Number of protein chains: 2
Amino acid sequence: MNPKTTPAAPAREGRPLPTLEDLARAAGVSRSTASRAINGGSRVSPAAQAAVDAAIAELGYIPNRAARSLVTRRAGSVALVIPEPDARVMDPYFAAVVTGVNQSLRDTDIQLVLLMSRAGDDSSRTLRYLRGGHVDGAIVVSHHRADGWVETLGSTGLPTVFIGRPWDRKSELPFVDLDNFEGGRLAARHLAGTGRTHLGTVAGPKDMTAAVDRLDGWLQGLKEAGLKPGPIVHGDFTTAGGAEAARKLFGQAPALDGVFAASDLMALGVVEAVRGAGKGVPEDVAVVGFDNHSIQAPNGMDLTTVAHPMVEIAKNAGQLLIRAIENTGEQLEPVIYPAELVVRGSSVM
Amino acid sequence: MNPKTTPAAPAREGRPLPTLEDLARAAGVSRSTASRAINGGSRVSPAAQAAVDAAIAELGYIPNRAARSLVTRRAGSVALVIPEPDARVMDPYFAAVVTGVNQSLRDTDIQLVLLMSRAGDDSSRTLRYLRGGHVDGAIVVSHHRADGWVETLGSTGLPTVFIGRPWDRKSELPFVDLDNFEGGRLAARHLAGTGRTHLGTVAGPKDMTAAVDRLDGWLQGLKEAGLKPGPIVHGDFTTAGGAEAARKLFGQAPALDGVFAASDLMALGVVEAVRGAGKGVPEDVAVVGFDNHSIQAPNGMDLTTVAHPMVEIAKNAGQLLIRAIENTGEQLEPVIYPAELVVRGSSVM
DNA sequence: TTGTAGGCGTTATCAA
DNA sequence: TTGATAACGCCTACAA
């Protein structure tokens, strides 16, 4: 508890906002009746309801949520926690997640707030926010191994849902995820099935479960197909990272005829690198990505990829969170979406 | 006041969070002393302070912000309002804005929350959130003509700063912006100065001041140079939109030798379209963008553009908001950054 | 330096 | 159907 520079607290100027008291007086009813009229209006006479409604419009009354949440123990908002440096906050993946979560909240009176806690930054500020009763629950996305969100949130009792399997397998916290393992396996099967034999891998960050699971599945698939895994390089899920990784790959093994990249963005980088080296996709090198971002490589070539219904997954996470908040005592189980391969031009001629 | 589906409110399970009362008891002091120890510790004996600190650690105490804000009238957080459909939420511009605002809050105990209110969606939910005392102030970015944020927020008294000049010129609300008019003018001067005479325009959305100001400045610059404005098409600030606009442009006037696009993303689309038509940049057509996003066109050609220090601008907006919240009564003036042209390969040979 | 008492705006309980 | 009244958790004069 040592706020750095909490600014002094001179109350804001201007007329104070109207309170329930003011509203009740204007409507000629008691505070309690006004309160009931505001919240659904059960056991309120039509006359009283009308009077209160009129007063609301006249005064521009809006309930003070701090006061309300103090007694209801509900904040009326949920957080989407993004433990990424702000630069990466804005990639298509997060756009999809935001879209999906918003969809799940559409018929609700719950407001979504995005919380970004930079790694290395004082994430305890975010934690205080989360635990201080500002939100009724949290969805954590893009969780990294060392960020500690699982333990931290798990111990607070704040309803929490992860998008993407969290690291701590013992954790009881529910999550929604794609079957990343199976996705990797499908990629291996596909490339093996089309006759590719010298395969390289551009894996994702080692500290994210999605990357690890995709890699594990891919290796398992290769094994089942009787193929040896070729060189493996880890990228950061970005296009530039994918290109760089691909160059390393071909530096180690110039004869590769197939590459699996753990994200479409990286796959795009791989395509660039292959072409930059004067080779063709898919004639010389087949490329398979992951996510089905419907990105096109520069000259209109489409990427073979593993479908990843991110919007749907995020939406499901939102619904799960709502159930966790309403907490009927039920144990919420993880939800895992099946993986599906989408074959396009980058891997078959 | 008619919450759609406010879920029933069964309090969350589990042990209740420790309260100040619990803390004080554990520390063997009174509530007030505990409170003082928590908030800066003035007039607290070292012994009492130590006892309270120990109890905090032991209990994992975190103040309930709803209760606190009820009495202090401070929420400890500010909102960044983004009135865009969630799909567009995640472009580089917003990434820069988030980065900048976060920087301004770095030494503060204030948490930044992102609020996205889709156009067409019930933005009153966002408004209730804003007015309900959940935040101490708001920064509005990407404000559109019809979204009503100026009037709405202006009337609430909530400290508000706009990034980008708001529509309502009468508004007293402070804002931070680039000198977009001058930026457009610089672009015109530059193209005229390099001998281009048949100029096309890819303007931005008509309902955003940045787009309008850039266009006005550009037209003014052309006038000063004695050039007639060629065809004008409005795009949506995206690459695809820019390409489409460029094709229309060349459909109307095939002999264009220069194009000004009101954003780098659109300029990129213009470059694509020009090349797609078998012409060269800059030999046949010079292209000038806006924003200095340091994007490269596919084959490594760099864009001439108008610099737009978005991070810096957003940071300034955050600082302005903090001052508005601390409100020493001073009238906060708009801040306008000078425009600067960055000449690169897309406009000169 | 400490503790007591009152109030912030709302909802919930319980008589009337 | 209505209206007192008591919390909710915290801060802050004020008095000790």
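Naming convention: chains lettered A, B, ... in sequence-line order (proteins, then strands); numbering from 1 in each chain. Computed from a predicted model, the values in this text were never measured in an experiment.
A pairwise comparison of heavy atoms in B/Val97 and B/Ala314 identifies O-CB, 3.4 Å as the closest pair. A pairwise comparison of heavy atoms in B/Ala79 and B/Leu130 identifies CB-CD1, 3.9 Å as the closest pair. Across every non-hydrogen atom of A/Lys315 and A/Gln103, the tightest pair is CD-OE1, 3.4 Å.
Atom CG in A/Leu17 sits about 14 Å away from atom C1' in C/dC8, given to the nearest Å. Atom CG in B/Asn39 sits about 13 Å away from atom P in D/dA13, given to the nearest Å. Between the CZ atom of B/Arg73 and the P atom of D/dG9 there is a distance of 20 Å, rounded to whole Å. Regarding B/Leu70, its CG atom lies at a distance of 12 Å from the P atom of D/dG9, rounded to whole Å. Straight-line distance from the CG atom of A/Leu20 to the P atom of C/dT11: 6 Å, rounded to whole Å. Atoms NE2 (A/His134) and C1' (D/dG9) sit 14 Å apart, rounded to a whole Å. Across the protein-nucleic acid pair, B/Asn64 atom CG and D/dC10 atom P stand 6 Å apart, rounded to whole Å. The CD1-C1' distance, from B/Ile38 to D/dG9, rounds to 11 Å in whole Å.
The side chain of A/Thr72 places no N or O atom within less than 4.0 Å of a non-bridging phosphate oxygen (OP1 or OP2) of C/dT11. Contact annotation: B/Ser69 does not reach the phosphate of D/dC10 (side-chain N/O to OP1 or OP2, under 4.0 Å). Within the 4.0 Å cut-off from OP1 or OP2 of D/dT5, not a single side-chain nitrogen or oxygen of A/Ser32 is found. B/Arg43 has no side-chain polar atom (N or O) that falls below the 4.0 Å cut-off from OP1 or OP2 of C/dT1. The phosphate of D/dC10 has OP1 or OP2 within less than 4.0 Å of a side-chain N or O from B/Thr19. For the OP1/OP2 pair of D/dC10 and a distance below 4.0 Å, the side-chain nitrogens and oxygens of B/Tyr61 include at least one atom meeting the criterion.
Comparing B/Ala47 and A/Ala34, the nucleotide of DNA chain C nearest to each residue sits closer to the 5' end for B/Ala47. Taking the nucleotide of DNA chain D with the nearest heavy atom to each of A/Pro46 and A/Arg31, the more 5' of the two is matched to A/Pro46.
With distances taken from any side-chain atom of A/Ala48 to the nucleotides D/dC10, C/dA12, D/dT2, the minimum falls on D/dT2.
Between A/His134 and A/Tyr129, the ring planes lie parallel to each other; the angle is under 30°, not in the 30° to 60° tilted range.
Ion pairing between a basic and an acidic side chain is recognised when a charged N comes within 4.0 Å of a carboxylate O; A/Arg74 and A/Asp136 show such pairing.
The closest donor-acceptor contact from the side chain of A/Thr160 to the backbone of A/Leu158 lies under 3.5 Å.
A donor N or O paired with an acceptor N or O is not found under 3.5 Å between the base of C/dA12 and the side-chain atoms of A/Ser35. Judged by distance alone, with hydrogens and angles left aside, A/Arg25 brings no side-chain donor or acceptor close enough to the base of D/dG3 to form a pair under 3.5 Å. For C/dG3, its base sits under 3.5 Å from the side chain of B/Arg36 at one donor and acceptor pair at least. A/Thr33 contributes no side-chain N or O that forms a donor-acceptor pair with the base of D/dT1 under 3.5 Å.
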